[in-house]
Number of protein chains: 2
Amino acid sequence: MKITAKVEYAVLAIFELALSPEDRQVQAREIAERQRIPLRFLEQILIQLKKGGLVKSVRGASGGYLLARGPAMIRLKDVMEAVEGELTLVDRTVAPGSIVSTVFSEIESELLDRLQSVTIQDLVVRKLRDDGIASYQI
Amino acid sequence: MKITAKVEYAVLAIFELALSPEDRQVQAREIAERQRIPLRFLEQILIQLKKGGLVKSVRGASGGYLLARGPAMIRLKDVMEAVEGELTLVDRTVAPGSIVSTVFSEIESELLDRLQSVTIQDLVVRKLRDDGIASYQI
DNA sequence: TACTATTCCTATCTTTTTGGTAGGTTTTAT
DNA sequence: ATAAAACCTACCAAAAAGATAGGAATAGTA
């Protein structure tokens with residue numbers, strides 16, 4: 001795989017939702033401004049995240065988005081898959097069955113496991129800790 | 001990063017050189033036929049591998065390529081870098097300094113370490129073992 | 001009811017990357 | 001001399017990435 005701008009935008013958006021109070025929808029416009037994401041592009045990403053079951057939306061004026069479940073239940077891999085489809089390091093191998101291909105597959109699996117191991121909650125916790133440390137330094 | 005066809009071709013080519021007797025050059029044409037790689041494309045890849053210091057070449061009629069050092073001294077990461085330049089999971093992050101970007105960087109480092117941990121010798125050993133097992137099954 | 005702000009759907013567009021091809025030069029064994 | 005190989009440079013087509021655009025559906029509010 002490759003962490004494209006789109007994937008990073010998706011994670012940033014989910015992260016932004018995780019940081020804002022539960023049950024209070026956040027508008028695409030807000031996220032776009034805070035994270036410097038092109039609004040029309042972000043809209044498409046949010047729709048994909050919705051289809052992937054990661055966010056809920058409220059339509060109409062003063063609508064917005066919320067997480068569909070708690071940040072501890074959302075993994076980095078989920079978010080990436082929602083916008084990228086199946087995650088692969090090797091798209092279509094050129095020598096199927098070869099040892100080279102096998103080894104790449106093994107490494108791919110390990111990478112996926114790693115992405116699975118990180119939750120959005122983890123990111124939030126780390127941010128709070130980082131901000132805490134930063135505030136001591138003033 | 002992403003394991004492109006080009007990268008896989010490069011590893012397959014190096015692997016092919018590792019399998020053939022030392023100090024006996026192998027022609028691009030041979031590698032191309034054995035691994036089903038478009039010859040003209042492979043030629044370019046071999047030149048990059050040479051510039052990367054991984055292979056030596058013998059020019060002129062009945063020339064060819066050899067590994068520049070033993071397979072145990074060549075790592076998967078070396079081969080990939082020779083043809084792809086610097087390996088990155090996140091090309092240019094969209095939110096530098098953010099926790100999201102930091103976590104992706106950490107995972108990238110781990111992936112690079114993993115690619116560093118595999119040598120071409122490892123691939124050769126595994127192939128011999130696999131072939132051994134296969135031959136028992138006849 | 002009209003207006004406005006928002007989500008949502010579909011299409012299009014531009015740039016970059018990928019995966020080659022092509023023509024020709026240099027080198028060397030025979 | 002010839003042929004076969006490495007090597008160099010340029011080009012090209014398809015796919016992916018990164019948006020932008022037009023407008024429909026929905027809902028809060030004056």
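Sequence lines set the chain letters: A, B, ... in the order given, protein chains first and strands last, and positions in each chain run from 1. It should be emphasised that the depicted structure is a prediction, and the values quoted were computed from it without experimental measurement. FYI, side chains are in, hydrogens and waters are out, and symmetry mates aren't considered; it's all heavy atoms of this structure.
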Distance check needed: [N] [atom2] versus [X] [atom1], whole Å only.
| X | N | atom1 | atom2 | answer |
| --- | --- | --- | --- | --- |
| A:Y65 | C:dT6 | OH | P | 12 Å |
| B:E43 | D:dT9 | CD | P | 15 Å |
| B:I47 | C:dT27 | CD1 | C1' | 13 Å |
| A:L49 | C:dT7 | CG | P | 13 Å |
| B:K56 | D:dA5 | NZ | C1' | 18 Å |
| B:K2 | C:dT16 | NZ | P | 16 Å |
| A:L46 | C:dC8 | CG | P | 8 Å |
| A:R40 | C:dT6 | CZ | P | 13 Å |

Okay, side chain of [X], backbone of [Y]: is any donor-acceptor separation there less than 3.5 Å?
| X | Y | value |
| --- | --- | --- |
| A:D122 | A:T119 | yes |
| B:Q25 | B:S62 | yes |
| A:E108 | A:V90 | yes |

Exercise for the section: Kindly check if the number of other-residue, nucleotide or ligand heavy atoms within 6.0 Å of NZ (B:K77) is above 12? Expected result: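 Correct, the count exceeds 12.
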Practice task
Taking atom CZ of B:R29 as the centre, report whether more than 12 heavy atoms of other residues, nucleotides or ligands fall under 6.0 Å from it.
Solution key: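 Counting neighbours around CZ of B:R29, 12 or fewer heavy atoms of other residues, nucleotides or ligands fall under 6.0 Å, so no.
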Consider the side chain of [X], meaning its heavy atoms from C-beta on, and name the nucleotide among [options] that approaches it most closely.
| X | options | value |
| --- | --- | --- |
| A:T4 | D:dA17, D:dC7, D:dG22 | D:dA17 |
| B:F41 | C:dT21, D:dC7, D:dG23 | C:dT21 |
| A:K6 | D:dC8, D:dA6, D:dG18 | D:dG18 |

Handout entry: Salt-bridge present (A:E84, B:K2; N to O < 4.0 Å)
Key =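 No.
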Practice task
Flag the pair B:D130 and B:R126 as a salt bridge only when some basic side-chain nitrogen lies within less than 4.0 angstrom of an acidic carboxylate oxygen.
Solution key: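 The answer is no: the pair does not qualify as a salt bridge.
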Problem - Phosphate OP1/OP2 of D:dA6: any B:K50 side-chain N/O under 4.0 Å - result: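 So the side-chain polar atoms of B:K50 never come under 4.0 Å of the phosphate oxygens OP1 or OP2 of D:dA6.
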Exercise for the section: Ignoring backbone atoms, establish whether B:S57 has a side-chain N or O less than 4.0 Å from OP1 or OP2 of D:dC7. Expected result: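 Yes, such a contact exists.
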Problem - For the student: nearest non-hydrogen atoms of A:L67 and A:K56, plus distance - result: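 Closest approach of A:L67 to A:K56: O-CE, 3.7 Å.
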Handout entry: Contact summary for B:A28 and B:E43, nearest pair of heavy atoms
Key =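 Nearest heavy atoms, B:A28 then B:E43: CB-CG, 4.5 Å.
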Considering only distance and modelled atom types, tabulate donor-acceptor pairs under 3.5 Å from the side chains of residues 13-20 of chain A, sequence neighbours left out.
residue	atom	partner	partner atom	Å
A:E16	OE1	A:Q35	NE2	2.5
A:E16	OE2	A:R34	NE	2.4
A:E16	OE2	A:R34	NH2	3.4
A:S20	OG	A:L17	O	3.4

Protein N or O to nucleotides 28-30 of chain C N or O, pairs below 3.5 Å:
residue	atom	partner	partner atom	Å
C:dT28	O2	B:A61	N	3.3

Problem - Stretch residues 8-33 of chain B: residues that reach within less than 4.0 Å of DNA chain C through a heavy atom - result: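 DNA chain C contact set from residues 8-33 of chain B: B:Y9.
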Handout entry: DNA chain C contacts among residues 77-106 of chain B, heavy-atom distance under 4.0 Å
Key =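 Residues of residues 77-106 of chain B under 4.0 Å from DNA chain C: none.
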Practice task
Could I get the full list of ring pair (Phe, Tyr, Trp, His ring centres under 6.0 Å) partners for A:Y9, not counting sequence neighbours?
Solution key: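 Once residues adjacent in sequence are excluded, the partners of A:Y9 under the ring pair (Phe, Tyr, Trp, His ring centres under 6.0 Å) criterion are A:F41.
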Exercise for the section: Measure distances between side-chain N and O atoms of B:Q44 and base N and O atoms of D:dT9, and say whether any donor-acceptor pair falls under 3.5 Å. Expected result: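 Side chain to base: no pair present.
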Handout entry: Nonpolar side-chain network containing A:L66, other nodes, edges under 4.5 Å
Key =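 When side chains under 4.5 Å apart are linked, the cluster holding A:L66 also contains A:V58.
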